[in-house]
Each structure stands twice: as C-alpha cells, then as structure tokens.
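Not measured: the values here are computed from a predicted model.
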Amino acid sequence: MEQGRKDDMKDGKLRWDLLPLDLIEKVVEVYHFGAQKYAPNTWKQLENGEQRYKAALLRHLVEHDKGNLRDDESGLLHAQHICWNAIALLYFAMKKEEDGDEQ
C-alpha cells in the first residue's frame with residue numbers, strides 16, 4: 001500500500017498550526033475591551049496613532065517591568081496590552097509602506 005503524500009511543508013507555506021491560539025485570544029481580549037470602550041476599529045484613525053500606541057506600549061512595559069502584572073482599568077495583563085500595541089505599530093508601519101510614506 002502506497003503511503004499518502006501532502007506537500008504542505010514545502011514552498012514556504014506559512015505554518016499557521018504553529019500559532020499559539022490561546023495567546024492570540026489574550027490579545028483579542030484587548031481588542032474587545034477597546035471596542036467596547038471606544039468603538040470597533042476606531043484605533044486605526046487616531047491622530048498621531050503610531051506615536052501614541054508606541055507611548056502606550058512603553059507605559060505598559062514599564063508597569064510590567066515594575067512587577068505590576070495587571071492593568072487597573074481593563075483588568076487584563078500589561079503583557080496583553082504590550083502585544084496589542086505592538087500589533088498596532090505593525091499596522092501603522094505596513095500602512096506607511098503601502099502609502100509610500102517611508103522615512
């Protein structure tokens with residue numbers, strides 16, 4: 001009997017099965033909190049968004065480094081907020097590149 005074959009590990013196909021969905025869910029909790037507090041996806045239109053999310057990431061990082069695990073307002077881990085802000089920064093970097101606004 002011939003063994004089955006599937007070439008899904010070749011040709012640079014992304015390994016989505018490696019994504020830790022339980023951790024991604026923790027980042028989604030920050031999106032959910034923000035959508036309830038403000039409105040869904042309004043973070044993309046924030047004036048000076050890149051700088052403001054960088055500042056927020058650093059604030060959460062400082063609190064995390066101080067040993068304060070949870071954000072007082074959301075009750076979520078500062079590490080969750082750090083990840084969310086990093087994704088926001090990635091969004092703005094990709095948007096800059098897409099718009100040809102590289103500096």
Side-chain angles (χ1 to χ4, degrees):
M1 180 175 207
E2 191 174 320
Q3 186 173 6
R5 179 182 156 178
K6 182 160 176 42
D7 291 333
D8 57 350
M9 300 296 186
K10 294 181 181 179
D11 301 323
K13 291 182 180 179
L14 295 176
R15 293 282 314 272
W16 285 91
D17 59 309
L18 298 175
L19 190 65
L21 294 178
D22 56 332
L23 299 179
I24 299 304
E25 182 176 24
K26 296 299 180 188
V27 178
V28 173
E29 289 175 359
V30 179
Y31 278 92
H32 182 76
F33 175 79
Q36 287 183 316
K37 183 176 177 179
Y38 304 106
N41 291 317
T42 57
W43 63 270
K44 294 177 182 179
Q45 286 83 41
L46 185 64
E47 186 177 349
N48 298 319
E50 184 175 15
Q51 290 299 50
R52 292 171 75 180
Y53 292 118
K54 181 179 178 182
L57 184 150
L58 293 170
R59 283 193 301 275
H60 286 289
L61 182 60
V62 166
E63 289 302 314
H64 176 80
D65 283 353
K66 287 181 183 176
N68 300 324
L69 294 182
R70 295 206 175 258
D71 177 66
D72 290 337
E73 183 182 4
S74 69
L76 301 172
L77 293 168
H78 284 291
Q80 288 173 259
H81 286 277
I82 292 165
C83 291
W84 186 92
N85 282 286
I87 291 171
L89 290 176
L90 176 60
Y91 168 82
F92 286 109
M94 291 174 65
K95 182 126 180 64
K96 245 189 214 179
E97 188 174 64
E98 178 183 299
D99 294 345
D101 292 342
E102 296 179 67
Q103 295 173 352

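Clustering of Ile, Leu, Val, Met, Phe, Trp and Tyr side chains at separations under 4.5 Å places Leu69 together with Leu77.
Of the possible donor and acceptor atoms, none in the side chain of Asn48 sits under 3.5 Å from a partner among the backbone N and O of Gln51.
Residue Ile87 is grouped with residue Leu57 when hydrophobic side chains (ILVMFWY) are merged at heavy-atom distances under 4.5 angstrom, including chains of intermediate members. Transitive grouping of hydrophobic side chains (ILVMFWY, heavy atoms separated by less than 4.5 Å) brings Leu58 and Leu46 into a common cluster.
With a 4.5 Å cut-off on side-chain heavy atoms, Trp43 and Tyr91 count as touching. Side chains of Phe33 and Trp84 form no contact here, defined as non-hydrogen atoms less than 4.5 Å apart.
Here Ala56 pairs with Arg59, Asn85 under the side-chain contact (heavy atoms from CB on, under 4.5 Å) rule; sequence neighbours left out. Remark: Glu50 engages Lys96 in a salt bridge (charged side-chain N to carboxylate O under 4.0 Å, His left out) (not counting sequence neighbours). Every residue meeting the ring-ring contact (aromatic ring centres under 6.0 Å, His included) condition with His60, not counting sequence neighbours, appears here in chain and number order: His78, His81. Residues meeting the salt bridge (charged side-chain N to carboxylate O under 4.0 Å, His left out) test with Lys66, sequence neighbours left out: Glu63. Asp65 meets the side-chain contact (heavy atoms from CB on, under 4.5 Å) test with Leu61; sequence neighbours excluded. A search for side chain to side chain donor-acceptor pair (under 3.5 Å) contacts involving Lys95 returns Asp99, not counting sequence neighbours. Under the rule for a side-chain contact (heavy atoms from CB on, under 4.5 Å), the partners of Leu90 that lie at least two apart in sequence or sit in another chain are Met94.
In plain terms, the two heavy atoms of Gly75 and Arg70 that are nearest each other are O-NH1, 2.9 Å.
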For a quick test of your reading: what N or O donor-acceptor pairs under 3.5 Å do the side chains of residues 19-27 make, sequence neighbours left out?
none

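Among residue pairs with one or both ends in residues 30-40, those qualifying as side-chain hydrogen bond (donor to acceptor under 3.5 Å, both in side chains) are His32-Gln36, Lys37-Glu73; sequence neighbours excluded.
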